[in-house]
Amino acid sequence: MHFGKVSIHKRESENIYLLGIETSKEIIKNFQPGQFIKIKINYRLDPLIPRPFTVHAVEENNFYILYQIKGKGTKALSKLKEGEEVEFLAPLGKPFPVLQNYVICAGGIGIAGFGYLLQCANSKNRFKPPDAIFYGARSKSELVRLEFLSEFKIPLEIATDDGSAGYKGFITDLIEEELKKEHKDILACGPLPMLKKIAEIGKKYKVRTYLVMETFLACGIGFCRGCVIPLKKGGYIHLCVDGPTFLAEEIDLETIS
Amino acid sequence: MHFGKVSIHKRESENIYLLGIETSKEIIKNFQPGQFIKIKINYRLDPLIPRPFTVHAVEENNFYILYQIKGKGTKALSKLKEGEEVEFLAPLGKPFPVLQNYVICAGGIGIAGFGYLLQCANSKNRFKPPDAIFYGARSKSELVRLEFLSEFKIPLEIATDDGSAGYKGFITDLIEEELKKEHKDILACGPLPMLKKIAEIGKKYKVRTYLVMETFLACGIGFCRGCVIPLKKGGYIHLCVDGPTFLAEEIDLETIS
Amino acid sequence: MRLSVNLNGLKLKTPLMLASGTWGLGDNIDKFFTKEEVETYIGAFVTKGISVNPREGNPPPRLCETPCGLINSIGLENPGIKEFKAKYLPMLKIYNIPIVVNLHGEKIEEFLELVEALKEEEIEGIELNISCPNVKKGGISFSSDPKAVEDLVKEVRKSWDNFFAVKLSPVGAVFEIAEICQKQDVDAIVVANTYPALGVINLKPLKIIKGGLSGPAIKPLTLRLVYELSQRIDISIIGCGGIISGKDALEYLFCGARAFQIGTANLIDPRNVIKIIEELKTFEI
Amino acid sequence: MRLSVNLNGLKLKTPLMLASGTWGLGDNIDKFFTKEEVETYIGAFVTKGISVNPREGNPPPRLCETPCGLINSIGLENPGIKEFKAKYLPMLKIYNIPIVVNLHGEKIEEFLELVEALKEEEIEGIELNISCPNVKKGGISFSSDPKAVEDLVKEVRKSWDNFFAVKLSPVGAVFEIAEICQKQDVDAIVVANTYPALGVINLKPLKIIKGGLSGPAIKPLTLRLVYELSQRIDISIIGCGGIISGKDALEYLFCGARAFQIGTANLIDPRNVIKIIEELKTFEI
Ligand SMILES: Cc1cc2nc3c(=O)[nH]c(=O)nc-3n(C[C@H](O)[C@H](O)[C@H](O)COP(=O)(O)OP(=O)(O)OC[C@H]3O[C@@H](n4cnc5c(N)ncnc54)[C@H](O)[C@@H]3O)c2cc1C
Ligand SMILES: Cc1cc2nc3c(=O)[nH]c(=O)nc-3n(C[C@H](O)[C@H](O)[C@H](O)COP(=O)(O)OP(=O)(O)OC[C@H]3O[C@@H](n4cnc5c(N)ncnc54)[C@H](O)[C@@H]3O)c2cc1C
Ligand SMILES: Cc1cc2nc3c(=O)[nH]c(=O)nc-3n(C[C@H](O)[C@H](O)[C@H](O)COP(=O)(O)O)c2cc1C
Ligand SMILES: Cc1cc2nc3c(=O)[nH]c(=O)nc-3n(C[C@H](O)[C@H](O)[C@H](O)COP(=O)(O)O)c2cc1C
Ligand code: FES
Ligand code: FES
């Protein structure tokens with residue numbers, strides 16, 4: 001595990017927090033967008049297993065994660081104070097694929113990983129900027145990091161379930177509108193129902209569609225074989241080493257719930 | 001459980017901390033010297049069982065505990081930050097006996113409970129001030145709260161194992177000197193070997209000798225029957241409801257290790 | 001969710017029962033609960049294990065904390081049936097909730113003597129502890145000897161008409177014994193008691209404690225037993241093992257238990273009872 | 001303390017073995033350890049359970065965290081003996097430490113086929129998994145069928161001269177099987193595998209996982225088994241269950257184990273191995 005220190009810990013919405021961790025440049029220089037870290041939550045035995053979070057952004061010798069409170073691990077994480085030491089394993093998993101003409105689609109906390117993608121694309125890295133960012137949430141108050149996202153000068157399309165900001169309805173409706181106009185690849189992260197819908201749309205418009213998947217992880221490094229995603233062709237693939245981003249057509253989304 | 005807020009958390013020596021908890025006067029007004037609280041350490045499941053600490057001092061709507069890091073519970077406790085909420089059960093156990101001509105004897109962290117006794121004795125309460133405080137520790141750096149103790153204008157006799165402050169040797173040597181001069185009752189709290197020695201001295205000089213005992217507690221309230229101290233006459237007594245202070249002659253100190 | 005439960009005639013206002021040995025014998029209840037709270041939140045009292053003669057219990061150490069668990073080796077300290085009836089039962093009777101007396105015997109005759117002594121009292125139920133792992137005779141031997149359990153249960157059923165539960169050990173011939181209970185018309189089985197465990201108090205010189213493990217650590221183990229048993233047999237199951245939150249309790253109820261007992265949770269905070277029921281109430285079902 | 005151990009001829013530089021299924025098959029070791037670290041800290045590798053044919057394992061969910069524990073239901077995903085020998089074994093051979101292959105079969109013939117396939121390799125040892133609680137045939141049945149274990153162990157011992165360990169299930173006929181192993185000249189028993197457990201992934205609709213519980217939660221249970229076994233029999237015991245610190249490891253060594261394996265600790269932090277051994281080193285003995 002690597003060591004770091006909490007440099008910032010900020011509430012971004014009722015349930016979403018931004019956590020900055022200061023560590024060495026040596027460590028951070030290996031991070032690529034789409035990869036994740038596994039962070040040890042408190043120094044005692046409960047929760048036992050470190051939890052995974054995508055790298056949200058990088059700045060000098062700091063990196064950031066953006067996380068939503070779900071259960072006991074994230075609740076415990078939210079008690080971390082600035083200055084406290086944290087242990088983490090990183091970088092883990094495979095980076096996002098390098099795409100050319102594409103849009104990104106985030107549902108809720110699914111926005112987390114795209115921050116770093118935008119940063120990299122912005123700094124003449126091998127990653128290219130997306131043509132647009134589609135970002136949906138339940139309501140306006142749950143849309144986070146808008147200021148940060150707007151820095152990249154990329155068209156931002158917003159949808160909320162209650163219409164309190166942007167389009168009223170699912171973000172997938174907006175994506176479908178976009179694809180009707182022009183075929184573009186999709187890179188999507190968000191709740192399972194959204195991903196299933198995206199996979200349908202991607203299939204319909206015959207565009208390459210990548211989904212960032214989730215599952216409970218133990219080791220995060222290929223040791224335990226616990227993080228399987230079922231494949232359409234039969235058998236399984238391991239999220240922590242082969243993912244978390246997968247081509248939609250290869251995954252057996254039906255059997256996942 | 002009652003709720004409180006950390007009002008102060010201060011390191012007093014390498015391993016000893018002073019923790020102040022702000023709560024309501026309603027709760028504190030029931031506290032008597034010698035009683036203890038059981039504090040829930042962190043909001044997760046490890047450590048599972050709240051740990052017991054004697055009331056060290058009381059001030060307005062704050063009470064204090066003085067504790068030494070021993071294992072995982074006290075280590076976790078030491079991470080509490082000012083302003084954080086804590087849950088505790090209190091007051092538990094029986095108060096110190098009310099003695100007339102007596103000395104108190106503290107070994108190491110055994111000093112904790114006597115602070116509140118001195119405060120009470122000072123405020124024309126039914127508790128009487130001791131004739132002297134005997135306080136021993138391994139070395140000068142482990143003698144804590146000396147300034148606070150000196151406020152009560154009671155003779156303070158110090159001993160350290162290494163002679164870095166006061167008498168070089170065991171505090172029990174000084175007590176024996178004192179008893180040779182004049183017979184006085186003893187109220188003692190400290191490590192088991194010290195308590196055994198005190199019991200011997202008490203017997204030799206035929207004075208009433210009270211020992212504050214320790215054992216791992218679960219409920220702290222008489223429910224579980226886990227906190228037994230063996231009696232000389234056979235059978236057991238329960239530390240959490242009948243103690244923690246016991247007449248030395250009643251306890252079977254031999255079998256305790 | 002609806003809280004009241006009827007366990008073969010034993011009517012509980014809530015499915016929560018206070019597990020044996022973890023809240024005393026009624027002597028300190030009033031320090032932590034009002035009468036109204038007791039009657040609102042607690043489905044039933046289960047007493048500390050009572051034996052024919054008083055028992056002073058095991059020498060210390062009797063407790064050891066382990067990761068998310070607690071080992072105890074109390075050794076069934078209790079005042080004996082006579083003093084229980086004279087001194088403690090009247091304190092419990094103040095409350096208008098069912099009392100279930102947990103019985104400990106080392107032989108069938110002892111159990112029958114206890115049952116006899118309770119007949120004249122207004123007591124809603126009994127629970128046979130055939131599982132205590134701390135006492136060599138009695139406990140351990142019954143749980144690995146289905147035939148002995150059959151004889152015991154048959155005799156007790158003959159002489160006790162009210163609610164009759166058997167508390168199983170989680171080790172040994174669990175499934176066989178559960179089936180025997182069903183066949184012998186036992187009203188419910190409590191699944192389960194603590195797990196045989198060892199804690200190291202000191203390494204050098206080695207000082208250990210052998211006792212029963214309870215608390216959150218064992219929840220996934222006992223939950224498995226409850227689930228498997230509920231799939232195989234029809235007798236009412238009272239789940240018991242590691243419950244400290246409303247969610248834990250719901251897991252038991254969804255996995256086949258009709259009621260549940262909480263033990264270690266009482267030791268952590270006597271008012272956990274209230275937190276658990278309040279949490280259950282908010283659950284939509 | 002002195003770290004090296006000789007287990008009936010199997011020479012370990014440290015008493016720490018990497019438990020089966022919790023560090024892969026050597027494919028990622030070099031990302032977390034230098035060769036020197038491996039050879040300094042790790043007493044022996046125990047591979048993931050290998051079967052005759054490749055197995056793709058169970059459908060998700062395969063994991064569920066519980067209080068201080070982890071339930072897994074991997075279902076023995078492995079590439080099969082042939083690919084193991086061709087692809088993975090060479091990666092392990094890079095390191096100068098003993099390799100123990102964990103074998104999984106559902107019948108005696110399968111185990112013998114595996115042993116045969118390993119004879120031509122330079123492998124220091126084998127460990128029979130007769131305890132995996134996830135696979136209906138094989139695992140569960142062996143651990144509750146001492147006679148079947150006797151036949152199995154006798155046959156394997158005939159055809160395997162190097163180090164031979166049997167990994168017990170903590171449930172079932174533990175003591176009987178341990179005695180059989182001793183009688184049949186098995187070199188060591190691993191005490192023990194995971195405990196049958198159930199985790200609730202979702203309440204409504206109910207989604208559960210049945211699998212084996214590992215991690216700190218089970219330490220007091222397995223420690224008890226190790227202690228009781230070491231009091232009764234003479235065979236070398238390798239303790240395994242819930243070790244995540246040097247102190248945990250010492251508890252096993254003081255309670256009768258001659259070496260130990262760590263499983264879940266590897267999943268929490270692959271470098272826990274080093275922390276554990278460094279902690280052991282500082283212990284005065
Ligand atoms: C590669 C990866 C990257 C991630 N990046 C982010 C990120 O950037 N930001 C973010 O907020 N979150 C991210 N997550 C999700 C995050 O890791 C989880 O929300 C977090 O681990 C939840 O932990 P918890 O202890 O709070 O909740 P838990 O108490 O662990 O429970 C969370 C939920 O998961 C369910 N659950 C538990 N076990 C299983 C199982 N075996 N199978 C299915 N469901 C189960 C529980 O029932 C519960 O509903 C990522 C996940 C992965 C795999
Ligand atoms: C009534 C009472 C009042 C107290 N007041 C104070 C106080 O004012 N200040 C203060 O600093 N401390 C006080 N203590 C002691 C304090 O409660 C303990 O030091 C603390 O609980 C240790 O917790 P821990 O988790 O840090 O250590 P733990 O990890 O619990 O271990 C501490 C030590 O106890 C040993 N141990 C564990 N279980 C047992 C057992 N069953 N039997 C014997 N030994 C065991 C462990 O091996 C270890 O050496 C008091 C204790 C009691 C009973
Ligand atoms: C301190 C203590 C004392 C116990 N005494 C008894 C007893 O006398 N009789 C009995 O049947 N069970 C006894 N038990 C077991 C509990 O009733 C309960 O079955 C067990 O602790 C598991 O539940 P839990 O995990 O909620 O604690 C005792 C448990 C503890 C912790
Ligand atoms: C993810 C996972 C996979 C495992 N796979 C195997 C296996 O293939 N064969 C086996 O004998 N034991 C297997 N085990 C059991 C471990 O080797 C070990 O016996 C058990 O986890 C208890 O030790 P621990 O508490 O240190 O994890 C596995 C355990 C885990 C957690
Ligand atoms: S989480 Fe262990 S292999 Fe993926
Ligand atoms: S600690 Fe439970 S009775 Fe004293």
Side-chain angles (χ1 to χ4, degrees), chain C residues 1 64-71 133 170-172 174 194-228 231 241-256 264 283-285, chain D residues 1 64-71 133 170-172 174 194-228 231 241-256 264 283-285:
Chain C
M1 59 176 286
C64 179
E65 191 181 297
T66 67
C68 290
L70 177 70
I71 299 176
V171 300
V174 184
T194 55
Y195 290 74
L198 183 150
V200 174
I201 307 271
N202 195 62
L203 268 179
K204 237 181 122 180
L206 186 65
K207 185 171 160 196
I208 60 168
I209 172 176
K210 289 194 213 177
L213 183 65
S214 65
I218 66 168
K219 194 189 67 173
L221 306 178
T222 303
L223 206 49
R224 171 80 175 256
L225 281 180
V226 166
Y227 183 85
E228 303 285 358
Q231 301 281 311
I243 298 173
I244 61 159
S245 71
K247 186 163 171 290
D248 295 330
L250 284 168
E251 292 184 357
Y252 273 96
L253 297 176
F254 275 75
C255 285
T264 306
F283 192 77
E284 308 268 326
I285 189 166
Chain D
M1 61 178 283
C64 178
E65 192 181 297
T66 68
C68 291
L70 178 70
I71 299 176
V171 298
V174 185
T194 55
Y195 290 74
L198 183 151
V200 173
I201 307 271
N202 194 63
L203 268 181
K204 239 183 116 178
L206 186 65
K207 186 171 160 193
I208 60 167
I209 172 176
K210 290 194 212 174
L213 183 65
S214 66
I218 66 169
K219 193 189 68 175
L221 306 178
T222 303
L223 206 50
R224 172 82 176 253
L225 280 181
V226 166
Y227 183 84
E228 303 285 358
Q231 301 282 311
I243 297 173
I244 61 159
S245 71
K247 185 162 171 292
D248 296 329
L250 284 168
E251 291 183 358
Y252 273 96
L253 298 176
F254 275 76
C255 284
T264 307
F283 192 78
E284 307 270 324
I285 189 165

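Numbered from 1 within each chain, the chains take letters A, B, ... in sequence-line order. Note: hydrogens, waters and symmetry copies are ignored here, and every other heavy atom, side chains too, is used.
In terms of the side-chain contact (heavy atoms from CB on, under 4.5 Å) criterion, residue partners of D:Lys207 (sequence neighbours excluded) are, by chain and number, A:Ser257, D:Pro61, D:Ile201, D:Asn202.
The contact between D:Leu206 and chain C is made entirely by side chain atoms (from C-beta outward), counting heavy-atom distances below 4.5 Å. Looking at D:Ile208, only its side chain comes within 4.5 Å of chain C, counting heavy atoms on both sides. Only the side chain of C:Ile71 comes within contact range of chain D, with heavy atoms under 4.5 Å apart. If you measure heavy-atom distances from D:Leu203 to chain C, the contacts under 4.5 Å come from both the backbone and the side chain. In this structure, chain C has heavy atoms under 4.5 Å from both the backbone and the side chain of D:Leu221.
With values rounded to the nearest 0.5 angstrom, C:Thr66 atom OG1 is found 10.5 Å from D:Leu223 atom CG. The distance from the CG atom of C:Leu250 to the NZ atom of D:Lys204 is 10.0 Å, given to the nearest 0.5 Å. D:Glu228 contributes atom CD, which lies 7.5 Å from atom CG of C:Leu198 (distance to the nearest 0.5 angstrom).
Between D:Pro220 and C:Leu213, the closest side-chain pair of non-hydrogen atoms falls below 4.5 Å.
Side-chain atoms of D:Arg224 come within 3.5 Å of backbone N or O of C:Ala197 as a donor-acceptor pair.
Here the closest non-hydrogen pair linking D:Ala217 and C:Ala217 is CB-CB, 3.8 Å.
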